[in-house]
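Reviewing the structure listed below.
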Amino acid sequence: MSADLPVWAACLVVGLALAGAAVSFVGALGLVRLSHFYERVHAPSLCATLGLFLVVAASSLFFSVAEGRVVLRDGLIALFVIVTTPVTLLLLGRAAAYRDRAEGHPGAPPEP
Amino acid sequence: MRRLARLLPHPLLSFGLALMWLLLNAPVTPGTGLLALAVGLLVPLSLRALRPEPLRVRAPRALLVLAGRVAADVVQSNIAVGRVILGLRPGERRSGFVHVPLAITSRAGLTALAIILTSAPGTLWVQHDPRTGRLLLHVLDLDEADWPARIKARYEGLLLEIFP
Amino acid sequence: MTDELLVAAAVLPFAGALGAALLPRRARDAAAGLAGLSALVGLGCVLALIPAVASGRSAAVSFSWLPSLGLAVTLRIDGLAWLFSLLVLGIGALVALYARYYMAPGDSASRFFSLLLAFMGAMQGVVLAGDLIQLVVFWELTSLLSFLLVGYWSGKPQAREGARMALTVTAAGGLCLLAGMILIGRIVGSTDLATVLASGDRIRESPLYLPALVLVLAGALTKSAQVPFHFWLPRAMAAPTPVSAYLHSATLVKAGIFLMIRLYPVLAETDAWYILVGTAGVATMLFGAWCAVFQHDLKGLLAYSTISHLGLITLLLGLDSTLSVVAAIFHTVNHATFKASLFMAAGIIDHETGTRDLRRLSGLRRAMPVTATLAMVAAAAMAGVPLLNGFLSKEMFLAEAVAGTHDRALNAGLPLVAAVASALSVLYSLRFIRQTFFGPPALDLPRAPHEPPRWMRFPVEALVVACVAVGLAPGLIIGTALEIAVVAVFGERAPAYSLSLWHGFNLPLALSLAALVVGVGLYRLLGPRIDTNPRGGPWLLDRLDAARLFDRAMVGLERGARWLEDRLGAARLQDQLRILLLVALVLALTALLHGAGIAPATLRLPEAGLDPAFALLWLVGGASAVAAAAAAKYQRLAAIIFAGGAGLVSCITFAWLSAPDLAATQILIEVVTTVLLLLGLRWLPKRDRSIPIPASEKPRARRRRAADLALAVAFGACLAGLSYAVMARPAGEGIARFFVENVYSGGGGRNVVNVLLVDFRAFDTLGEITVLGIVGLTVLALLRRFRPAADSLDRPAPQRRLAAWERAQPDRNPGDSMADAMRVPATVMTWLFPVLVVLALHLFLRGHDLPGGGFAAGIALSIAFVLQYMAHGARWVDERLAIRPVTWIGCGLLVAAGVGAGSWLFGRPFLTTAFAYAEIPGLGKIPLASALLFDLGVVVLVVGATVLMLVALARQSLRRARAEAAGLPQREEA
Amino acid sequence: MSPLPLTSLILSWGLALAAVLLVLAMTLCAWRMLRGPRAQDRVLALDALYVNGLLLILVLGMRQGSGLAFEAALIIGLVGFTATVALAKFLMQGEVIR
Amino acid sequence: MEAVLAAGIGGLAAAGVWLILRPRSFQVAIGLTLLGYAVNLFVFAMGRLRVGAPPVLASPEANDPTLYADPLPQALVLTALVISFALTALFLVVLLAARGIAGSDHVDGREPDR
Amino acid sequence: MSLPADHLIVAPVVLPLAVSGALLLLDERRHALKAGVSVATALALLAIAVWLLLAAAAAPGALAYRLGDWPAPYGIVLVVDRLSAGMLVLASVLGLCALVYALSRWNRAGPRFHALFLLLLMGVNGAFLTGDLFNLFVFFEVMLAASYGLVLHGSGAARIRAGLAYIAVNLVASLFFLIGVSLVYANTGTLSMADLARRLPLLGPAERSLFEVGAAFLGVTFLIKSSLWPLGFWLPPAYAAASAPAAAILSILSKVGVYVVVRLSLLLFGAESGASAGFGAQWLLAGGIATLAFGTFGLLAARDLARAAGFAVMISSGTVLAALGSGSAAAVSGALFYLAGSTLAAATLFLLAEILQRGRDPAASATEAVFDDEDLDPFEDDDTVVALDIPAIVALLGAAYLVCALMLAGLPPLAGFIGKLAILSGLAGAAAPAGPVAASSWLLVGALLLSGLGTLIPLLRFGIFNFWVPLEGPSPALRTAEAAALAGLVAGCLALSLWGGPALAYAEATARWLASPAGYVDAVLRETAR
Ligand code: NA
Ligand code: NA
């Protein structure tokens, strides 16, 4: 199946996929490198936005070319991740804020 | 009109779901088209019991502008945060909380803003007080921009237009 | 005619028992009459059978019973059986009459007489058994009925204990007997009595002879109360006296004797027989006699004297001479008559005076002269006084004892033993008579004594007359009967013997007279000292109380069993699981080593080599698993998170390795499981790290953990090794190819896994959803009664903290903050509801051709519901959505089962699917498969069950609100 | 339909590399998840793990030239957040559903 | 692949077994979950591993069994997956009920005597 | 598959399933209707089972039912032969009686009792009928899931505590089952039991080794269910804690494990199965004897009757398995007969235990349900129940107890004795006195006899305590439903004793049928083309 791809498409697909994977990797690296929770919380967004876009684009391109028609269903994944990930992060941020405040943590956020 | 509203309480949602169905079941055939129509008509009725505030989008143009802006900002902040993670950002970096006074009060508008801010790397929606309209935001790089001003300038106006 | 008579003799008592059982409780006359009539008619039948059993003949009648075991119910009568049958029925009739007067009006007569008759039937069964196994059956029945009869007055502790002991000992003996009979059956190849009796040499020559003998004797000796199994008999004296008279003198205890005589031709006349039976007999005779001397209780005295006489009979049987067997049979009959009459007399005394204590009784001769006379005659027979039947058989015994025809060690002392036993017998008989009937009238008896009713005394009279008659004219009265029995046992070997009163002055007579004199002398010498014997037990032997030893053994048995159960079992779950895993491991390894094993060369090297990404992925998976294992004790939330990581890795593995359906389902289940665990975690308060383990426990705990670790690693290695061994070998030709080849043509779909689930193996799926439904119902039941631990009933700490803070703020009310926090997420989650519905629909409709299917759809839909609960809280959703999960479950089951049953309409088996590609103009081909309907049932049920589980758990949080409404005090954070 | 060697070379190596990168990203997320130190860190890492897993499945789909893994990815994208939301809510309120 | 998956199965199983031998019922619940993963993968592995061969016919005609991974173990795992999910849920609820009634989360319903 | 009556083969599964589905749609409070429907269903199941038994006895081979119309090794096939039909009848009798007993009050002790109960019957029936190894797993799970529900039915501390352990052990067992099934499939390529029997002799050495490992895992699973020592420690506490009707019906559950061991070991490891012949027999023999011993110790040590009944269940399983392991066909036929009798008796004992316990110790908290604020006490109307008069009660209970005790101790003249006798004479080779008898067989003979005594002694103690020690206060109340259930079970025991000859002949024919598995294989695989 993969054999049906022309070289340009293969290059493009691989380029997009690698770029996406790299961005995600950087995001994951941020999860490790950044120093505390409120900083770390920004890192996974890389995976969930640009990393995701690029990989989804690669996938869409791959299957569009392979199947000879426009395949956009992977875009749905991107859409849903975009909508749902913030819910998690937002709740997590809020939860962390409560917990830090309750414990009198020095880095606790101020009341709004 | 009222009858249409009862039949199609959430037209935008109906459209979205039908589109979703078509995307999932591509390539489009008459059969899937018919099913998509059914999905668009029937599934939103499932919301009837939950009684959410109906979603009305007022300014389609503003929506497009906003989408473009968000896309650009997301890419930009991806790069910015990536640099921070990789240690490529020169100089001292401070992260911290900022308060942003918001004029938006609609549920949809706030939700859209929360999604935008939280999706974009570098900003995190932490807490919003509907009484005062104040938003507590965590920012990875405080020096990158004047965050309250930037948010109000780039998003709030458009959002107020879209979701009055 | 013979057959009918035989059957009647065997069945009549049982029929009578049934009749008596149906009588009203208090119908004494009717019940006793029925009993007497049954016995007498039976007796008539037996007497009428004389021609059939005369001169060594026998008759038998057989009924099919267990043909596959080669067993039939065979009634067989020969001389021996005939004689014993007469005894059983004759004395039975007398006892029935006696019992009519003995039993109190308040006693349940129907129960008593029906049990008595049933016992009579069981004895008849033993006696008439034509098959060894059948004999055991009736043997055990006699034990059982004796248990019920001894325990008739169950309100008395002694009755209960006596009954229990009697049954325990005799039933144990019966089990031995069964084993022995099975051995004999194995030796002979049949348990038919006639066959067995004809195979004496074969049995005695078999290597199994000794075990068979020991087992049979264990049965016979327990039943006949031989030392050391004698102790149950005195305890059984708690029975009503008619029972003692019948069972404990005439019948039950004679069953053992009967059995020894019955099998004498095949088991006896060997050294083993001589030693075992002879020793038991000597010991029992002397021991019983000695103990009898010291009894203060009338019935106790009679019981021990019975033991002694049974020992005498056993000894006779052990002597291995045909003549002594004749003596044994003769003494059995004689003992039955005088002992039954003595028991009845004792019963009369007890009945009329209210006591059986020899020390309290005195001078009854004046109040009840007739009874006194009868008792004196019977006692004289027991003592072996000339002119009475006891004298004759004892004469025969003494003759055998002095004959010493066999050069065997035991025989040398036999005359002395015989004399001593006889003297003791005289002593206790004298004591019985002297202290009951003579001396000054007792003044402090519970009741004023007088003669019993006329017909109560009649049985005693009859028996005493028999004693005298036999004693005076033995040949006339009993000669024929004895002859018939002896010939039945020995056939042509039957010895010549003389049954007459006078054999001239010889050594046995001298011994007899000496015993009389010594006995009387001993009584004069020891009588008063026995009465004042403080311990009550026999001199020298009073510490040797076998009954107490038995009691102690029973307690010990219970304790020992408890100890063993403790040692051999595992009460704690952890230990049980350890054992389970260990056994599985050991058996798996044994199985692996049992076969040829797996040569390493047969393992194919993986084709694709190693994908580093996959290895790295499993590094993540493995680390998550290990971390979950480490965190589950104190950091439960972390453990849930880590398990989620491991689940995700599994999901990706499925996706990687060509199992898209599994990947989708795994991730859905993963999500639901996480939510479920979190819902549960709310009710599990934090574990306190500070619970200290005492220092003394630490090494043990460490050892246990090390062992567990070893077990865990071993089990993991076992699974890893097994899976590698399988994966590294090519698959053989299996049934799988059929599914791929037929999935489209036969199943109408392209997704083989889905078609397997809804068509090829839809029955599995039907069961699977049933499990889900059942679990849903069980969860519902449990949670309806759920009582949270006190420490988790309160609102969780974060909420309490927040509420306290909110109260302190001027512009906030409790709950505001949370509502604010949930505003944005709730909006998203609400609008996702229809999206998830579409997802579920998509998964459902495409499942037959592409990954998806009913189960995935159902879970997706459930998640849609659960998201609403998470977004808005239980009460909010409950107000808006009327979810009836139980109805959903019921509908799901009905739809799935109904679709399956639909194929019956077309004459096809359950769950046969039909599909067609409908051509609809303008829409193209649309696949229509009945499997889709089945899958709809799956969806409905999955939604019902999953939502039920999640929501039932979630609603528990409302308890607090209900509790508040009920006015229970709540703790608030200060 | 013999495969073009260059295409399949590019695709197999490139996508393999992408897969390795994504698995490495997962490894980093897992490290944070195991390391903590706080529960919110772990939940955050799990969420990232899910997203990276989703991307990995998409890349695997391309590697294998099969669109059949799409559903799994779609489900992770649409439903996977439920688990992390539940965890976050638990952290915030001490219970998932009030 | 085979060796890695085998090792993974072993790791999951070992972690699961360790946990089910622990005294706290929650540990046992997590242990059963992990052991469940291990066993599901084990069952799956019994069909041998194939990459890029999902048992979904590319076209109605392409029904050569060698083209596809063995579908049967997958179907079995799917059934087992559902059942083990249900029973995990049940175990959890029983655990809660036991915790509520006994006041202890020890698997024996009471703290061991020391 | 042309006659409508053929479909009755699947009815023992489908009927309870459909009825319980329908019952779930009814309102919780319609007790009378539900009770009527459930009892009617149980009666129908009994009738169907009897019909199948007669059909199986008349048929030369087995009756196979191809679900979904798929041919045998591929699709799932239900198989009715003498063994499965006999087990179905046993389960139906127990089910009916336990259900009737529950009508007195237990059906109101928790929600959805009838549905759970019928689904348990469905699982048990399915396990007896199925000819497919994985389908067996599914029905095991159905049966177990329902049994979890029933063990916990009525709630209460003891039940929940015991239920937790019960569930944990059985969950582990289920995992072993999966491991075993998949290993079997991986190395033989089939799941159909008949197909397995056909393929087994042809296996290569490595496949055979791995297959045997799978068989070992399966064996452990089934032996856990049949509560073989040392795998069965879960049973007595769980059964003792369960409500009486639940315990009564659960006593068939352990026999499902026994059934499967009998079925599979004779089908797969008979003389014709090549190198695997006799696989596991020594383990069964040793384990069976150990179970007999342990069960007897437990029974001797038991402090309450329900627990004693649990150990009686263990002893019964141990007896059958040891007889199976002895390798004597005659002993197997005896064991099958014994299985039926001892199961009925143990179930009766569970019911009696509750009634007696109720009378002796009204405040017994162990069996008392715990009720929370949201539910009314379902037993609150107990006082208004009209009970039978006292002497009749004591007589009936006493007779029932006596029958139980005799059956379990194997004393004459009841079926317990006949069964034990058949086993013993089978072991002693009475039918073939020429051949030697293994020492292990003699050991088993001894163990069986001693265990009989060890059963008698404690049952005697309990009996004397419960029936003879005078009671202070009112004597036990016996509701009519309870009396009917007891009478039914006792009648079953007596019928088995009275018609011991035909029943034993049936068991013998069954053992003979099982000893030559070719008939089974042929019947299932006869039609291979669709
Ligand atoms: Na962000
Ligand atoms: Na006196």
Side-chain angles (χ1 to χ4, degrees), chain C residues 572-574 577 606 608 614-615 618 621-622 625-626 628-629 632-633 636 639 643 646 650 657-660 662 665 669 676 680 683 708 712-713 715-717 719-720 723-724 726-728 731 736-737 739-741 744 750-753 756-757 764 768 771-772 775 779 782 786-789 949, chain E residues 1-4 6-15 17-21 23-24 26-27 30 33-34 37 41-42 45-46 48-50 53-57 60 63 65 68-72 74-75 77-79 81-83 85-86 89-90 92-93 96-97 99-101 103 107-108 114:
Chain C
R572 302 172 43 161
L573 176 64
Q574 292 152 272
L577 291 177
F614 192 70
W618 270 102
V626 172
K633 187 166 186 186
R636 291 170 175 157
S650 296
L657 297 170
S658 313
L662 282 179
T665 310
I669 286 187
L676 200 72
W683 302 103
D708 286 351
V713 169
F715 195 82
L719 275 200
S723 59
Y724 186 76
V726 170
M727 283 189 282
R737 69 175 302 136
F739 303 122
V740 177
E741 283 166 354
Y744 194 79
R750 290 195 289 128
N751 181 354
V752 189
V753 174
L756 267 166
L757 289 178
D764 279 349
E768 164 207 315
V771 171
L772 203 55
V775 168
V779 166
L782 271 176
F786 180 50
R787 251 189 353 190
M949 288 190 269
Chain E
M1 300 295 257
E2 280 83 358
V4 170
I9 290 171
L12 281 172
V17 167
W18 163 259
L19 278 180
I20 63 171
L21 296 179
R24 302 294 150 190
F26 185 79
Q27 291 174 298
I30 296 285
T33 310
L34 292 179
Y37 292 149
L41 285 165
F42 182 89
M46 293 298 106
R48 275 69 170 181
L49 307 187
R50 293 286 295 269
V56 177
L57 301 198
N63 64 351
Y68 303 101
D70 189 341
L72 192 58
Q74 295 192 17
V77 173
L78 219 43
T79 304
L81 210 60
V82 177
I83 290 176
F85 157 68
L90 178 65
L92 180 80
V93 173
L96 294 178
R99 170 68 178 84
I101 282 177
V107 284
D108 294 329
R114 291 220 157 97

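- Contact of C/F739 with chain E is made through the side chain alone, with heavy-atom distances under 4.5 Å.
- In this view, E/V82 and C/E768, C/L772, C/F855 satisfy the side-chain contact (heavy atoms from CB on, under 4.5 Å) rule, not counting sequence neighbours.
- For the pair E/L34/E/W18, no side-chain contact is recorded, criterion being any heavy-atom separation below 4.5 Å from C-beta on.
- Contact of E/I30 with chain C is made through the side chain alone, with heavy-atom distances under 4.5 Å.
- Using a 4.5 Å cut-off on side-chain heavy atoms (C-beta onward), E/R48 and E/D70 make no contact.
- Counting heavy-atom pairs closer than 4.5 Å to chain C, the top-ranked of the candidates E/P60, E/A97, E/A7 is E/P60.
- When heavy atoms are compared at a cutoff of 4.5 Å, E/A69 approaches chain C solely by way of its side chain, counted from C-beta outward.
- Both the backbone and the side chain of E/L12 come within less than 4.5 Å of a heavy atom in chain C.
- The choice from C/L573, C/L662, C/L676, C/I669 that makes the most heavy-atom pairs within less than 4.5 Å of chain E is C/L662.
- With hydrogens and angles disregarded, no donor-acceptor distance shorter than 3.5 Å links the side chain of E/Q74 to the backbone of E/P54.
- Take C/W618 and apply the side chain to side chain donor-acceptor pair (under 3.5 Å) test, not counting sequence neighbours, and it matches C/T653.
- A distance of 12.5 Å separates CZ in E/R50 from CE in E/M1, rounded to the nearest 0.5 Å.
- Contacts with chain E were tallied for C/P660, C/A731, C/A717, C/A628; C/A731 has the most, counting heavy-atom pairs under 4.5 Å.
- In terms of heavy-atom pairs under 4.5 Å with chain C, the best-connected choice from E/A45, E/G11, E/P55 is E/P55.
- In this structure, E/L96 CG and C/L782 CG are separated by 9.5 Å, a value rounded to the nearest 0.5 Å.
- For chain E, the option among C/L577, C/D708, C/V775 with the highest count of heavy-atom pairs below 4.5 Å is C/D708.
- Contacts of E/L78 with chain C are made by both backbone and side-chain atoms, with heavy-atom separations under 4.5 Å.
- E/L92 places none of its side-chain heavy atoms less than 4.5 Å from the side chain of C/V779.
- Contacts of C/L756 with chain E are made by side-chain atoms alone, with heavy-atom separations under 4.5 Å and no backbone atom involved.
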Applying side-chain contact (heavy atoms from CB on, under 4.5 Å) to C/V752 and E/Y68, what does each step give before you reach the verdict?
CA-CA 10 Å; C/V752 189; E/Y68 303 101; 5.9 Å; no
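- Chain E forms the most heavy-atom pairs under 4.5 Å with one residue out of C/N751, C/V713, C/V626, and that residue is C/N751.
- With a 4.5 angstrom heavy-atom cutoff, E/L21 touches chain C via backbone and side-chain atoms both.
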